[in-house]
Amino acid sequence: MTTFTDQASDARLAARVLATAARAEKDTALHAMAAAVLADTATIMAANAEDVARAEAAGTDAPLIDRLRLTPERIEAMAAGLVDLAGLADPVGDVVRGWTNPNGVQVRQVRVPFGVVGIIYEARPNVTADAAGIAVKSGNAALLRGSSSALHSNQAIMAALRLGVAEAGLPVDAVQLVEGGREVTGEMMTARGLVDVLIPRGGAGLINAVVQGATVPVIETGTGNCHLFVDASADIEIALAIMLNAKVQRPSVCNALETLLVHADIASRFLPRALEALADAGVTVHGTPDVAAYSAAVVPAGPHEFDAEYLTLDLAARTVKDLDEALAHIAAHSTGHSETIVTADLASAERFVAEVDAAAVLVNASSRFVDGGEFGFGAEIGISTQKLHARGPMALPEMTSTKYVLTGRGQTRA
(Lines give C-alpha, C1' and ligand atoms only; values in the text may rest on other atoms or scores of the structure.)
Protein backbone atom coordinates (compact mmCIF):
# COMPACT_ATOMS: atom_id res chain seq x y z
CA MET A 1 0.00 0.00 0.00
CA THR A 2 1.36 3.44 -0.96
CA THR A 3 2.16 5.61 2.05
CA PHE A 4 2.45 9.38 2.27
CA THR A 5 6.21 9.02 2.57
CA ASP A 6 6.21 7.04 -0.69
CA GLN A 7 4.16 9.76 -2.39
CA ALA A 8 6.38 12.55 -1.08
CA SER A 9 9.54 10.71 -2.13
CA ASP A 10 8.11 10.21 -5.62
CA ALA A 11 7.18 13.89 -5.72
CA ARG A 12 10.76 14.89 -4.88
CA LEU A 13 12.05 12.87 -7.81
CA ALA A 14 9.46 14.46 -10.09
CA ALA A 15 10.33 17.92 -8.77
CA ARG A 16 13.95 17.51 -9.87
CA VAL A 17 12.78 16.91 -13.44
CA LEU A 18 10.25 19.76 -13.38
CA ALA A 19 12.83 22.21 -12.04
CA THR A 20 14.78 22.00 -15.31
CA ALA A 21 11.86 21.43 -17.69
CA ALA A 22 11.65 23.93 -20.54
CA ARG A 23 8.65 26.19 -20.79
CA ALA A 24 7.49 24.37 -23.93
CA GLU A 25 7.41 21.06 -22.04
CA LYS A 26 5.37 22.51 -19.20
CA ASP A 27 2.97 24.32 -21.53
CA THR A 28 2.45 21.13 -23.53
CA ALA A 29 1.55 19.37 -20.28
CA LEU A 30 -0.93 22.10 -19.34
CA HIS A 31 -2.70 21.82 -22.70
CA ALA A 32 -2.80 18.03 -22.36
CA MET A 33 -4.17 18.32 -18.80
CA ALA A 34 -6.91 20.68 -20.01
CA ALA A 35 -7.84 18.35 -22.87
CA ALA A 36 -7.98 15.36 -20.53
CA VAL A 37 -10.26 17.22 -18.09
CA LEU A 38 -12.66 18.13 -20.90
CA ALA A 39 -12.60 14.61 -22.29
CA ASP A 40 -13.50 13.22 -18.86
CA THR A 41 -16.31 15.72 -18.16
CA ALA A 42 -18.96 13.00 -17.85
CA THR A 43 -16.85 10.99 -15.40
CA ILE A 44 -16.03 14.06 -13.34
CA MET A 45 -19.69 15.16 -13.26
CA ALA A 46 -20.80 11.70 -12.11
CA ALA A 47 -18.21 11.65 -9.34
CA ASN A 48 -19.20 15.17 -8.26
CA ALA A 49 -22.88 14.23 -8.18
CA GLU A 50 -22.00 11.51 -5.69
CA ASP A 51 -20.17 14.01 -3.48
CA VAL A 52 -22.99 16.56 -3.68
CA ALA A 53 -25.65 13.96 -2.86
CA ARG A 54 -23.67 12.84 0.17
CA ALA A 55 -23.24 16.44 1.32
CA GLU A 56 -26.94 17.21 0.92
CA ALA A 57 -27.87 14.06 2.86
CA ALA A 58 -25.58 15.19 5.67
CA GLY A 59 -27.33 18.57 5.87
CA THR A 60 -24.33 20.57 4.63
CA ASP A 61 -24.93 24.32 4.39
CA ALA A 62 -25.90 25.68 0.98
CA PRO A 63 -22.75 27.84 0.56
CA LEU A 64 -20.51 24.81 1.07
CA ILE A 65 -22.54 22.79 -1.41
CA ASP A 66 -22.17 25.64 -3.90
CA ARG A 67 -18.39 25.44 -3.47
CA LEU A 68 -18.52 21.69 -3.93
CA ARG A 69 -20.82 21.54 -6.93
CA LEU A 70 -19.40 21.25 -10.44
CA THR A 71 -21.26 22.07 -13.65
CA PRO A 72 -20.17 21.60 -17.25
CA GLU A 73 -19.44 25.33 -17.29
CA ARG A 74 -17.23 25.11 -14.19
CA ILE A 75 -15.35 22.16 -15.68
CA GLU A 76 -14.85 24.14 -18.88
CA ALA A 77 -13.54 27.01 -16.73
CA MET A 78 -11.09 24.63 -15.03
CA ALA A 79 -9.74 23.54 -18.41
CA ALA A 80 -9.63 27.13 -19.66
CA GLY A 81 -7.62 28.09 -16.58
CA LEU A 82 -5.01 25.48 -17.44
CA VAL A 83 -4.80 26.74 -21.02
CA ASP A 84 -4.52 30.33 -19.79
CA LEU A 85 -1.60 29.29 -17.57
CA ALA A 86 0.20 27.95 -20.61
CA GLY A 87 -0.02 31.41 -22.15
CA LEU A 88 1.59 33.14 -19.18
CA ALA A 89 5.27 33.86 -18.80
CA ASP A 90 7.35 31.23 -17.03
CA PRO A 91 8.78 32.74 -13.82
CA VAL A 92 11.52 30.11 -13.47
CA GLY A 93 14.88 31.57 -14.40
CA ASP A 94 13.77 35.20 -14.21
CA VAL A 95 16.52 37.46 -12.88
CA VAL A 96 15.05 39.44 -9.99
CA ARG A 97 18.14 41.65 -9.77
CA GLY A 98 21.78 41.50 -10.70
CA TRP A 99 24.99 43.47 -10.48
CA THR A 100 28.76 43.20 -10.81
CA ASN A 101 30.92 43.63 -7.72
CA PRO A 102 34.08 45.78 -7.84
CA ASN A 103 36.15 42.60 -7.99
CA GLY A 104 34.40 41.58 -11.21
CA VAL A 105 32.21 38.82 -9.74
CA GLN A 106 28.72 38.90 -11.27
CA VAL A 107 25.81 38.36 -8.85
CA ARG A 108 22.32 37.43 -10.00
CA GLN A 109 19.22 36.61 -7.96
CA VAL A 110 17.23 34.07 -9.98
CA ARG A 111 13.73 32.63 -9.52
CA VAL A 112 13.65 28.87 -8.86
CA PRO A 113 10.85 26.45 -7.91
CA PHE A 114 10.19 25.56 -4.27
CA GLY A 115 10.41 21.84 -5.05
CA VAL A 116 7.53 19.93 -3.45
CA VAL A 117 4.48 22.00 -2.53
CA GLY A 118 1.78 20.56 -0.29
CA ILE A 119 -1.68 22.14 -0.51
CA ILE A 120 -4.44 21.36 1.99
CA TYR A 121 -7.84 22.67 0.93
CA GLU A 122 -11.55 22.32 1.55
CA ALA A 123 -14.60 21.59 -0.59
CA ARG A 124 -13.80 23.21 -3.94
CA PRO A 125 -12.73 20.52 -6.41
CA ASN A 126 -11.72 23.17 -8.97
CA VAL A 127 -8.76 23.91 -6.68
CA THR A 128 -7.37 20.51 -7.67
CA ALA A 129 -6.94 21.62 -11.27
CA ASP A 130 -5.86 25.18 -10.41
CA ALA A 131 -3.22 24.06 -7.92
CA ALA A 132 -1.87 21.29 -10.14
CA GLY A 133 -1.61 23.66 -13.09
CA ILE A 134 0.16 26.40 -11.16
CA ALA A 135 2.56 23.85 -9.70
CA VAL A 136 3.48 22.43 -13.08
CA LYS A 137 3.94 25.84 -14.70
CA SER A 138 6.14 27.06 -11.82
CA GLY A 139 8.23 23.87 -11.90
CA ASN A 140 6.97 22.40 -8.63
CA ALA A 141 5.62 18.97 -7.78
CA ALA A 142 2.24 19.15 -6.00
CA LEU A 143 0.86 16.99 -3.19
CA LEU A 144 -2.83 17.90 -3.00
CA ARG A 145 -4.85 17.10 0.11
CA GLY A 146 -8.51 17.87 -0.58
CA SER A 147 -11.36 17.43 1.85
CA SER A 148 -13.24 14.16 2.19
CA SER A 149 -16.40 15.94 1.05
CA ALA A 150 -14.94 16.27 -2.47
CA LEU A 151 -13.06 12.97 -2.55
CA HIS A 152 -14.73 11.40 -5.58
CA SER A 153 -14.60 14.65 -7.55
CA ASN A 154 -10.92 15.12 -6.75
CA GLN A 155 -10.09 11.54 -7.66
CA ALA A 156 -11.74 11.92 -11.07
CA ILE A 157 -10.07 15.28 -11.75
CA MET A 158 -6.67 14.03 -10.64
CA ALA A 159 -6.93 10.96 -12.87
CA ALA A 160 -7.45 13.25 -15.85
CA LEU A 161 -4.64 15.61 -14.83
CA ARG A 162 -2.13 12.79 -14.39
CA LEU A 163 -3.10 11.39 -17.79
CA GLY A 164 -2.31 14.76 -19.35
CA VAL A 165 1.04 15.05 -17.54
CA ALA A 166 2.03 11.57 -18.69
CA GLU A 167 0.99 12.26 -22.29
CA ALA A 168 3.28 15.30 -22.29
CA GLY A 169 6.24 13.20 -21.18
CA LEU A 170 6.66 14.72 -17.71
CA PRO A 171 6.75 12.59 -14.53
CA VAL A 172 3.22 11.58 -13.63
CA ASP A 173 4.03 11.98 -9.93
CA ALA A 174 4.43 15.71 -10.48
CA VAL A 175 0.78 15.93 -9.38
CA GLN A 176 -0.66 13.61 -6.76
CA LEU A 177 -3.79 13.42 -4.61
CA VAL A 178 -3.07 12.62 -0.97
CA GLU A 179 -5.77 10.40 0.52
CA GLY A 180 -6.35 8.85 3.94
CA GLY A 181 -7.47 9.84 7.42
CA ARG A 182 -6.47 12.77 9.60
CA GLU A 183 -3.20 11.09 10.46
CA VAL A 184 -2.09 11.64 6.86
CA THR A 185 -2.70 15.37 7.22
CA GLY A 186 -0.51 15.26 10.31
CA GLU A 187 2.24 13.49 8.36
CA MET A 188 2.01 16.11 5.64
CA MET A 189 2.32 18.98 8.12
CA THR A 190 5.46 17.52 9.69
CA ALA A 191 7.21 16.16 6.59
CA ARG A 192 10.27 18.40 6.78
CA GLY A 193 12.79 17.34 4.18
CA LEU A 194 10.06 15.87 1.98
CA VAL A 195 7.68 18.81 1.61
CA ASP A 196 9.25 22.23 1.06
CA VAL A 197 6.21 24.49 1.52
CA LEU A 198 2.68 23.93 2.81
CA ILE A 199 -0.27 26.09 1.77
CA PRO A 200 -3.66 25.78 3.53
CA ARG A 201 -6.71 27.05 1.66
CA GLY A 202 -10.08 27.04 3.37
CA GLY A 203 -11.87 28.23 6.48
CA ALA A 204 -10.36 29.67 9.63
CA GLY A 205 -10.37 26.29 11.40
CA LEU A 206 -8.30 24.59 8.71
CA ILE A 207 -5.88 27.48 8.34
CA ASN A 208 -5.30 27.81 12.08
CA ALA A 209 -4.80 24.06 12.48
CA VAL A 210 -2.13 24.01 9.78
CA VAL A 211 -0.37 27.17 10.97
CA GLN A 212 -0.25 25.93 14.56
CA GLY A 213 0.53 22.29 13.84
CA ALA A 214 2.95 22.38 10.92
CA THR A 215 6.71 22.10 11.16
CA VAL A 216 6.96 22.48 7.39
CA PRO A 217 7.15 26.17 6.34
CA VAL A 218 3.62 27.54 5.74
CA ILE A 219 2.33 30.27 3.46
CA GLU A 220 -0.88 31.36 5.15
CA THR A 221 -3.95 32.10 3.08
CA GLY A 222 -6.54 33.97 5.07
CA THR A 223 -10.22 34.27 5.70
CA GLY A 224 -11.99 37.33 4.39
CA ASN A 225 -13.89 39.56 6.79
CA CYS A 226 -13.98 42.22 4.08
CA HIS A 227 -15.24 45.73 4.91
CA LEU A 228 -16.86 48.41 2.78
CA PHE A 229 -16.74 51.95 4.19
CA VAL A 230 -19.17 54.41 2.61
CA ASP A 231 -17.64 57.82 3.27
CA ALA A 232 -19.62 61.05 3.71
CA SER A 233 -18.67 62.22 0.22
CA ALA A 234 -19.53 58.93 -1.53
CA ASP A 235 -21.59 58.83 -4.69
CA ILE A 236 -24.62 56.87 -3.50
CA GLU A 237 -25.23 55.14 -6.83
CA ILE A 238 -21.61 53.96 -6.97
CA ALA A 239 -21.74 52.82 -3.34
CA LEU A 240 -24.93 50.83 -3.91
CA ALA A 241 -23.54 49.11 -7.01
CA ILE A 242 -20.27 48.18 -5.28
CA MET A 243 -22.05 46.98 -2.13
CA LEU A 244 -24.43 44.70 -4.03
CA ASN A 245 -21.73 43.30 -6.30
CA ALA A 246 -19.36 42.63 -3.41
CA LYS A 247 -22.04 40.95 -1.28
CA VAL A 248 -24.39 39.24 -3.70
CA GLN A 249 -22.51 38.16 -6.82
CA ARG A 250 -20.95 35.16 -5.05
CA PRO A 251 -21.30 35.34 -1.26
CA SER A 252 -19.48 32.06 -0.56
CA VAL A 253 -16.02 33.32 -1.55
CA CYS A 254 -13.34 34.98 0.56
CA ASN A 255 -13.41 38.32 -1.28
CA ALA A 256 -17.13 38.83 -0.70
CA LEU A 257 -18.31 41.74 1.46
CA GLU A 258 -19.07 40.82 5.09
CA THR A 259 -19.21 44.17 6.95
CA LEU A 260 -20.73 47.49 5.90
CA LEU A 261 -19.61 50.71 7.60
CA VAL A 262 -21.51 53.91 6.83
CA HIS A 263 -20.44 57.45 7.71
CA ALA A 264 -23.10 59.02 9.97
CA ASP A 265 -23.35 62.09 7.73
CA ILE A 266 -24.59 60.04 4.78
CA ALA A 267 -26.52 57.36 6.69
CA SER A 268 -29.98 58.97 6.36
CA ARG A 269 -29.60 59.17 2.57
CA PHE A 270 -27.75 55.92 1.95
CA LEU A 271 -29.07 53.35 4.41
CA PRO A 272 -32.79 53.37 3.46
CA ARG A 273 -31.89 52.60 -0.15
CA ALA A 274 -29.11 50.20 0.78
CA LEU A 275 -31.24 48.18 3.18
CA GLU A 276 -34.08 47.96 0.66
CA ALA A 277 -31.70 46.81 -2.07
CA LEU A 278 -30.09 44.22 0.21
CA ALA A 279 -33.49 42.88 1.28
CA ASP A 280 -34.56 42.60 -2.37
CA ALA A 281 -31.39 40.58 -3.01
CA GLY A 282 -32.18 38.21 -0.14
CA VAL A 283 -29.52 39.54 2.22
CA THR A 284 -30.13 39.49 5.98
CA VAL A 285 -28.54 42.54 7.61
CA HIS A 286 -27.25 42.12 11.17
CA GLY A 287 -27.07 45.69 12.37
CA THR A 288 -26.54 47.94 15.35
CA PRO A 289 -29.53 49.97 16.60
CA ASP A 290 -28.54 52.99 14.50
CA VAL A 291 -28.84 50.81 11.38
CA ALA A 292 -32.01 49.05 12.54
CA ALA A 293 -33.68 52.45 12.88
CA TYR A 294 -33.94 52.57 9.07
CA SER A 295 -35.57 49.17 8.52
CA ALA A 296 -37.61 46.68 10.54
CA ALA A 297 -35.96 43.88 8.53
CA VAL A 298 -32.59 44.45 10.24
CA VAL A 299 -31.81 41.85 12.91
CA PRO A 300 -29.68 42.76 15.94
CA ALA A 301 -25.97 42.17 15.48
CA GLY A 302 -24.54 39.80 18.08
CA PRO A 303 -21.37 40.60 20.02
CA HIS A 304 -19.08 38.67 17.68
CA GLU A 305 -20.77 39.27 14.34
CA PHE A 306 -18.36 42.01 13.32
CA ASP A 307 -15.65 39.36 13.37
CA ALA A 308 -17.65 36.97 11.19
CA GLU A 309 -16.89 35.62 7.75
CA TYR A 310 -20.46 34.66 6.91
CA LEU A 311 -19.93 33.27 3.37
CA THR A 312 -23.72 33.51 3.08
CA LEU A 313 -26.30 36.16 2.22
CA ASP A 314 -25.74 37.81 5.61
CA LEU A 315 -24.08 41.15 6.29
CA ALA A 316 -23.00 42.98 9.45
CA ALA A 317 -23.60 46.74 9.42
CA ARG A 318 -23.04 49.81 11.59
CA THR A 319 -22.55 53.54 11.27
CA VAL A 320 -19.36 55.37 12.23
CA LYS A 321 -19.01 59.03 13.08
CA ASP A 322 -15.99 59.64 10.83
CA LEU A 323 -13.07 58.12 8.93
CA ASP A 324 -11.09 57.71 12.14
CA GLU A 325 -13.77 55.48 13.63
CA ALA A 326 -14.00 53.47 10.41
CA LEU A 327 -10.23 52.91 10.41
CA ALA A 328 -10.31 51.91 14.07
CA HIS A 329 -13.12 49.40 13.45
CA ILE A 330 -11.29 47.85 10.50
CA ALA A 331 -8.05 47.64 12.49
CA ALA A 332 -9.89 45.81 15.28
CA HIS A 333 -11.87 43.37 13.14
CA SER A 334 -10.15 42.94 9.76
CA THR A 335 -8.62 39.63 8.73
CA GLY A 336 -6.25 41.53 6.45
CA HIS A 337 -7.82 40.36 3.19
CA SER A 338 -9.55 43.14 1.23
CA GLU A 339 -10.87 46.49 2.46
CA THR A 340 -12.82 49.04 0.41
CA ILE A 341 -13.67 52.73 0.63
CA VAL A 342 -16.23 54.54 -1.52
CA THR A 343 -15.43 58.23 -1.46
CA ALA A 344 -15.15 61.33 -3.63
CA ASP A 345 -12.60 62.87 -1.28
CA LEU A 346 -8.98 62.34 -2.34
CA ALA A 347 -7.61 62.96 1.15
CA SER A 348 -9.91 60.32 2.64
CA ALA A 349 -8.92 57.84 -0.06
CA GLU A 350 -5.23 58.47 0.53
CA ARG A 351 -5.57 58.05 4.30
CA PHE A 352 -7.55 54.84 3.86
CA VAL A 353 -4.95 53.38 1.47
CA ALA A 354 -2.07 54.40 3.73
CA GLU A 355 -3.52 53.30 7.07
CA VAL A 356 -5.49 50.13 6.32
CA ASP A 357 -3.34 47.02 6.87
CA ALA A 358 -4.59 44.48 4.34
CA ALA A 359 -3.38 42.45 1.38
CA ALA A 360 -5.59 44.55 -0.90
CA VAL A 361 -7.10 48.01 -0.45
CA LEU A 362 -9.71 49.25 -2.93
CA VAL A 363 -10.96 52.74 -3.71
CA ASN A 364 -14.35 52.95 -5.45
CA ALA A 365 -14.19 49.34 -6.70
CA SER A 366 -15.66 46.01 -5.60
CA SER A 367 -13.64 43.64 -3.45
CA ARG A 368 -14.64 40.89 -5.89
CA PHE A 369 -11.73 42.11 -8.06
CA VAL A 370 -9.21 40.73 -5.54
CA ASP A 371 -8.57 37.54 -7.46
CA GLY A 372 -5.64 36.17 -9.43
CA GLY A 373 -7.67 35.92 -12.60
CA GLU A 374 -8.91 39.49 -12.33
CA PHE A 375 -5.35 40.67 -11.73
CA GLY A 376 -4.27 38.96 -14.94
CA PHE A 377 -2.27 36.32 -13.09
CA GLY A 378 -4.26 33.33 -14.37
CA ALA A 379 -5.37 30.77 -11.80
CA GLU A 380 -4.33 31.35 -8.21
CA ILE A 381 -3.48 29.18 -5.22
CA GLY A 382 -5.22 31.56 -2.84
CA ILE A 383 -5.02 35.01 -1.28
CA SER A 384 -2.13 35.28 1.15
CA THR A 385 -2.85 37.53 4.13
CA GLN A 386 0.55 37.14 5.74
CA LYS A 387 3.47 39.52 5.25
CA LEU A 388 6.37 37.16 4.56
CA HIS A 389 7.25 35.91 1.05
CA ALA A 390 3.87 36.56 -0.57
CA ARG A 391 0.88 38.80 0.09
CA GLY A 392 -2.30 39.00 -1.96
CA PRO A 393 -3.19 36.68 -4.87
CA MET A 394 -0.64 33.88 -5.07
CA ALA A 395 0.11 33.11 -8.68
CA LEU A 396 3.18 31.89 -10.57
CA PRO A 397 5.91 34.20 -9.22
CA GLU A 398 4.69 33.62 -5.66
CA MET A 399 5.16 29.87 -6.19
CA THR A 400 8.90 30.33 -6.58
CA SER A 401 11.82 31.11 -4.30
CA THR A 402 15.15 32.54 -5.42
CA LYS A 403 18.79 31.58 -5.37
CA TYR A 404 21.91 33.64 -5.97
CA VAL A 405 24.20 32.73 -8.84
CA LEU A 406 27.74 34.14 -8.68
CA THR A 407 29.96 34.01 -11.75
CA GLY A 408 33.63 34.92 -11.72
CA ARG A 409 36.87 34.44 -13.60
CA GLY A 410 38.88 32.81 -10.83
CA GLN A 411 38.54 35.54 -8.21
CA THR A 412 39.31 34.63 -4.60
CA ARG A 413 38.36 36.58 -1.48
CA ALA A 414 41.16 38.60 0.13
Side-chain angles (χ1 to χ4, degrees), residues 23 26-27 30 34 67 74 76-92 94 96 111 113-114 117 119 121 124 126-140 142 197 199-202 219-228 241-242 245-247 249-258 309 334-342 349 352-354 356-402:
R23 172 178 176 173
K26 294 184 288 187
D27 290 349
L30 289 166
R67 290 185 173 201
R74 289 184 179 182
E76 288 177 6
M78 287 164 48
L82 293 167
V83 172
D84 289 345
L85 279 169
L88 297 176
D90 187 347
V92 178
D94 281 353
V96 178
R111 289 199 180 278
F114 285 126
V117 178
I119 303 172
Y121 54 103
R124 294 183 188 172
N126 64 290
V127 174
T128 303
D130 289 349
I134 289 176
V136 168
K137 180 75 177 194
S138 58
N140 295 291
V197 175
I199 303 171
R201 178 170 174 172
I219 299 178
E220 182 178 351
T221 62
T223 55
N225 182 15
C226 302
H227 295 76
L228 169 63
I242 288 174
N245 179 259
K247 179 69 256 183
Q249 188 201 39
R250 196 170 180 195
S252 65
V253 293
C254 62
N255 60 15
L257 174 64
E258 302 291 17
E309 185 188 33
S334 173
T335 55
H337 193 295
S338 303
E339 309 295 2
T340 306
I341 184 173
V342 178
F352 193 87
V353 169
V356 167
D357 185 13
V361 182
L362 301 100
V363 178
N364 298 327
S366 170
S367 59
R368 289 286 289 118
F369 285 116
V370 182
D371 172 86
E374 293 292 332
F375 279 28
F377 295 164
E380 67 176 32
I381 291 293
I383 308 291
S384 171
T385 54
Q386 65 175 29
K387 298 183 183 182
L388 296 177
H389 177 70
R391 197 179 194 195
M394 290 179 56
L396 295 174
E398 289 74 28
M399 292 299 288
T400 63
S401 181
T402 64

Separation between OG of S366 and CG of N255, rounded to the nearest 0.5 Å: 7.5 Å

To the nearest 0.5 Å, atom CZ of R124 lies from atom CZ of R74 at 9.0 Å

Is the closest side-chain donor-acceptor distance between E339 and S334 under 3.5 Å? yes

Within the distance-only criterion (no hydrogens, no angle test), does the side chain of R201 pair as donor or acceptor with the backbone N or O of T221 below 3.5 angstrom? no

Quick one: does T335's side chain have a donor or acceptor within less than 3.5 Å of a partner on T223's backbone? yes

Minimum heavy-atom separation for S138 to K26, with atom names? C-NZ, 4.5 Å

Applying salt bridge (Lys or Arg N to Asp or Glu O under 4.0 Å), name anything that partners D371, two or more places apart in sequence or on another chain. none

Using a 3.5 Å distance criterion without hydrogens, assess whether the side chain of Q386 forms a donor-acceptor pair with backbone atoms of E220. yes

Under-4.0 Å salt bridge between R23 and D94: no

Taking H337 for the side chain and A359 for the main chain, is one N or O donor matched with an acceptor at less than 3.5 Å? no

Taken to the nearest 0.5 Å, the spacing of L396 CG from D90 CG works out to 8.0 Å

So which heavy atom on M78 is nearest to which on A129, and how close? CE-CB, 3.8 Å

Smallest heavy-atom separation, A135 atom then A142 atom, equals CB-CB, 3.6 Å

Is there a donor-acceptor contact under 3.5 Å from the side chain of K137 to the main chain of A86? yes

Kindly write out the residues that satisfy ring pair (Phe, Tyr, Trp, His ring centres under 6.0 Å) with H227, not counting sequence neighbours, or none if the list is empty. H329

In V92, V117, V197, the residue satisfying side chain to side chain contact (heavy atoms under 4.5 Å, CB included) with N140 is V117

Criterion side chain to side chain contact (heavy atoms under 4.5 Å, CB included) on F377 and L88, from CA distance to verdict: CA-CA 8 Å; F377 295 164; L88 297 176; 5.7 Å; no

Non-hydrogen side-chain atoms of F114 and I199 separated by less than 4.5 Å: no

Answer yes or no: is there a donor N or O on one side and an acceptor on the other, between the side chain of T400 and the main chain of R111, under 3.5 Å? no

Contact summary for C254 and I383, nearest pair of heavy atoms: SG-CG1, 4.2 Å

I'd like to check T340 versus C226 (side-chain heavy atoms, cut-off strictly below 4.5 Å). Are they in contact? no

Look up atom CG in N245 and atom OG in S367, then write down how far apart they are to the nearest 0.5 Å. 8.0 Å

Mind checking whether L362 and S338 have side chains closer than 4.5 Å, heavy atoms only? yes

Closest approach of G133 to L85 (non-hydrogen atoms, all atoms of both residues): C-CD1, 3.5 Å

Is the closest side-chain heavy-atom distance between I381 and M399 below 4.5 Å? yes

Sequence neighbours left out, what passes ring pair (Phe, Tyr, Trp, His ring centres under 6.0 Å) with F369? Give chain and number order. none

Compare all side-chain heavy atoms of I134 with those of E398 and state whether any distance is below 4.5 angstrom. no

Between the CG atom in L82 and the CG atom in D130, the distance rounded to the nearest 0.5 Å is 7.5 Å

What's the separation between atom OG in S252 and atom CD in Q249, rounded to the nearest 0.5 Å? 10.5 Å

Using every non-hydrogen atom in the two residues, find where A34 and A79 come nearest and quote the distance to one decimal. CB-O, 3.4 Å

